[in-house]
Every structure is written in C-alpha cells, then in structure tokens.
Protein chains: 2
Amino acid sequence: MTAECTETEIPPWEAEIIDLFVGIFDGFGLPKSTAMIYGTLYCAEDGMLQEEIAHRLQISAGSASQGLKMLQTLGAVKRQSPIGQRHSYYSAERSMRRLMGNVVESQLQPKLRSGKERLQELAAAIPAEESLARQRIQTLQTWQRKVERGMPLLSKIFSTGGGKSK
Amino acid sequence: MTAECTETEIPPWEAEIIDLFVGIFDGFGLPKSTAMIYGTLYCAEDGMLQEEIAHRLQISAGSASQGLKMLQTLGAVKRQSPIGQRHSYYSAERSMRRLMGNVVESQLQPKLRSGKERLQELAAAIPAEESLARQRIQTLQTWQRKVERGMPLLSKIFSTGGGKSK
DNA sequence: CACTCGTTTCAAAAATTTTTGAAATAAGGT
DNA sequence: ACCTTATTTCAAAAATTTTTGAAACGAGTG
C-alpha cells in the first residue's frame, strides 16, 4: 500500500552518463529511450531485468522491449537467461573493441556490401560512351574500396590501448 | 505556354546515385532532400545554381537553401560566387579525403571535445569512495582517448589509395 | 490444466523532424 | 531610386519516428 517507491532512484553521476549516451546515440540516429537503456546498463553493477530498467527510466514496457531488442541486434547488450526462470538479465557490452566490432559487423558491413552490389550493377548498365556517368560511378567505387580496406584498420584502432601510448 | 518542361530530366544512372546517397546520408541522420542535393551536385558536370537544383529535384526553394547551407557547414559542398552576378554556383566536394576531413573536423571533433570536458567535470565531482561511479567514468575516459588517438589514423585511411594496393 | 506474471506486439497517440510556401531580404541592373 | 530576381527565413503543414498502452503470448507453477 505504498504510495510511491523511491527504491530505484538514479544518482546524478549516472544521470549524467545516461545523458552522455543519449547524445552519442543521437549522433547515430538512435532513439533516446534506447540510449537511456544502454546508459543504465552501462552503469549498472550487475545484470538488470527489463522490468527494473523500464521502471527506473520511467518508460513503458513496450519501449524497454523494443529498445533492448535493438541493442541486442546491435550487439551492444547481452541477454542472460537463467534456466528455469521466466525472466532474463541484460547487461551492457562495455568493451569498446567488441562493441565497435559488433556494430560494424551488424550495421556497416551489410550496408557496404549492398552498396557495392548496386554500384556494380549500375556500372554494368552504362555504355562506354556515357563518359560522365562512368566517371562518377568509378569514383564512387574507389570510395567504396577505400572504406572496405580501411575497415580492418578501424578495428585495430580500438583493440588495445589506442596505439602508441606513453 | 508549355504545359511542362522536360528540360532538366534526371537520367536513370543519376537517379540511382542520388538514391545511393539518400541511403548513406540517412545513416548519418541527414534529411533526404539534403542527400538528394548532394547527389545531384556529385553527379553534375559543372557547378549548379540553387534554383536549378531545386527545380530538378522538385523541392522548394526553402529546402534547397537549407540543404545547401547544411552541406556547406559540413564541408560537403562549396559555393563559388562570381563577382558581379547575383547568383552563386554550388559544387560537391568529390575528394573523399577532403570530404571526410571536413566532416570529422566540423562534426566529430567538437562533439569529442565537449564529451571530454563533461567527463572531466564529472570525474572531478565524484568522491574516491564511489568506486563504481569512478570505475565507469574511467572506462568512458579510456574510450574517449581511444577515439581521440584513432582520429589521425582515420584520415590516413582515406588519403591515398586505401593503403596497400598490390 | 488453469493461473500468474514477465515479455512481445502493434495500432494509436505523441513528439520530433522535414518540407513547404510566402513574406522579408539582398544585390544587380536600369 | 526603383525594379527585378535570387536567396533566406520562418511559421505552419506534412511526414516520419518514437512512445505508449493494451491485448496477445508464453513459459514456469501450483
């Protein structure tokens, strides 16, 4: 019969970090609620239940469900389902290396591949005398190749300590 | 007394490239009309007038103006204003190296800087005994440093031909 | 097997972003 | 100085995205 429950108040430092993530995620075009979920899990000591998260952030169960799903497909959040328990625990991927790797693999790579295909089809459909078209397409294919080649380096950047330390 | 004017029809290959850019820009959260403007200028043989662009893409003058402004602050489009002429020509930055460099400088760098500051202030405000908070903030600062250090490498990736060619 | 309770789904509502259209502005030409 | 035409601005409209809330679902439990 408790009117309200203060049990899960968010401390200022956490609110600040969550807000930081909202800004970062926003740069990637991801919803605020999703960013907040990640921020919460990022700060958390242990895994959390979906219900806890939703209650803590004051968002609906639907939002929490959708956000968590998205974060999982991005590879930013992992789910642990203890056997014989009807709920799962969620926890944030805190390794930048893995986080980046996951996002690149699940988002960038597919887009790159499809872009590559489109360019190939497009190039194949242009007769040699359309020099401007060929020129422009060719340049795009160069871009495509650069990004493709740069990808491995990218993951190297985030692997260890950032390259040369000291 | 011509009912419609077919003068500036967009050829299929150009439409396809424009659409490609719409997809890419969308990944960065940029409006479709802006992407279309960039795509058009990217394909163009020479510089174009804002009016031409708007008419060709069938978007309003307002959209064209705003989109071009955005593209300029991103460093993706350059404006040339011939003296003694009331209009300017716009052209796309087609060098990936410069394009990336401009975007990084105008968008990423500022965000990184402000994020760094926020983290520093946050860290300074947490007492030593708040070990979880300190831990989390510290990890974020490591992320921050990695990205900061990785930046120069990034621009290197896109500079020449993509690294090792053969 | 019926019950409980957490999760998922999805249509509708809310919020946000983008585009338009029209008025204000600016700058060249006469 | 005045006309003409390109551009900018900005409030309102349109389109899109995000969030909610409620119903359907599903997996353990008694």
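So you know, we letter chains A, B, ... as the sequences are listed, proteins then strands, and number each from 1.
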In whole Å, I'd like the distance from the [atom1] atom of [X] to the [atom2] atom of [N].
X       : N      : atom1 : atom2 : value
A:Gln66 : C:dA12 : CD    : C1'   : 13 Å
B:Met70 : C:dT17 : CE    : P     : 14 Å
A:Leu68 : C:dT9  : CG    : P     : 13 Å
A:Phe25 : D:dT18 : CZ    : P     : 13 Å
A:Leu57 : D:dT20 : CG    : C1'   : 15 Å
A:Ile37 : D:dT18 : CD1   : C1'   : 12 Å
B:Arg79 : C:dA26 : CZ    : C1'   : 12 Å
B:Asp26 : D:dA15 : CG    : P     : 18 Å

Query raised in the report: Between A:Pro31 and A:Gln85, who's closer to the 5' end of DNA chain D by nearest nucleotide?
Result: A:Pro31
Requested in this report: Please check if atom CD in B:Gln109 has more than 12 non-hydrogen atoms from other residues, nucleotides or ligands closer than 6.0 Å.
Outcome: yes
Base, sugar-phosphate or nothing for [X]? Non-hydrogen atoms, less than 4.0 Å.
X       : answer
B:Gly29 : sugar-phosphate
A:Leu49 : nothing
B:Ser65 : base

Between the protein and nucleotides 4-6 of chain D, list the N/O to N/O atom pairs that are separated by less than 3.5 angstrom.
unit_1: D:dT4; atom_1: O2; unit_2: B:Arg86; atom_2: NH1; d: 3.1
unit_1: D:dT5; atom_1: O4'; unit_2: B:Arg86; atom_2: NH1; d: 3.1

With a cut-off of less than 4.0 Å, is there a side-chain N or O of [X] near OP1 or OP2 of [N]?
X       : N      : result
B:Ser60 : C:dT19 : no
B:Ser33 : C:dT18 : no
B:Lys32 : C:dT17 : no

Report task. Could you please spell out the steps behind the side chain to side chain contact (heavy atoms under 4.5 Å, CB included) verdict for A:Trp13 and B:Glu130? Result -> CA-CA 10 Å; A:Trp13 68 271; B:Glu130 287 271 358; 4.1 Å; yes
Query raised in the report: Can you check side-chain hydrogen bond (donor to acceptor under 3.5 Å, both in side chains) on B:Gln135 and B:Thr139, steps first, answer last?
Result: CA-CA 6 Å; B:Gln135 170 65 69; B:Thr139 303; 3.2 Å; yes
Requested in this report: Please figure out whether B:Ile59 or A:Gly62 has its closest DNA chain C nucleotide nearer the 5' end.
Outcome: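 Of the two residues, A:Gly62 wins.
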Query - Distance-only donor-acceptor check, side chains B:Thr142 and B:Gln138, under 3.5 Å - result: no
Report task. Tell me, with the steps shown, if A:Arg134 and A:Glu129 meet salt bridge (Lys or Arg N to Asp or Glu O under 4.0 Å). Result -> CA-CA 8 Å; A:Arg134 296 200 80 83; A:Glu129 52 274 20; over 6 Å; no
**Report entry** Spacing of CZ belonging to B:Arg79 relative to CG belonging to B:Leu71, to within rounding of 0.5 Å
**Finding:** 12.5 Å
**Report entry** Of A:Phe25, A:Tyr90, A:Phe28, the residue whose pairing with A:Tyr38 passes ring pair (Phe, Tyr, Trp, His ring centres under 6.0 Å)
**Finding:** A:Phe25
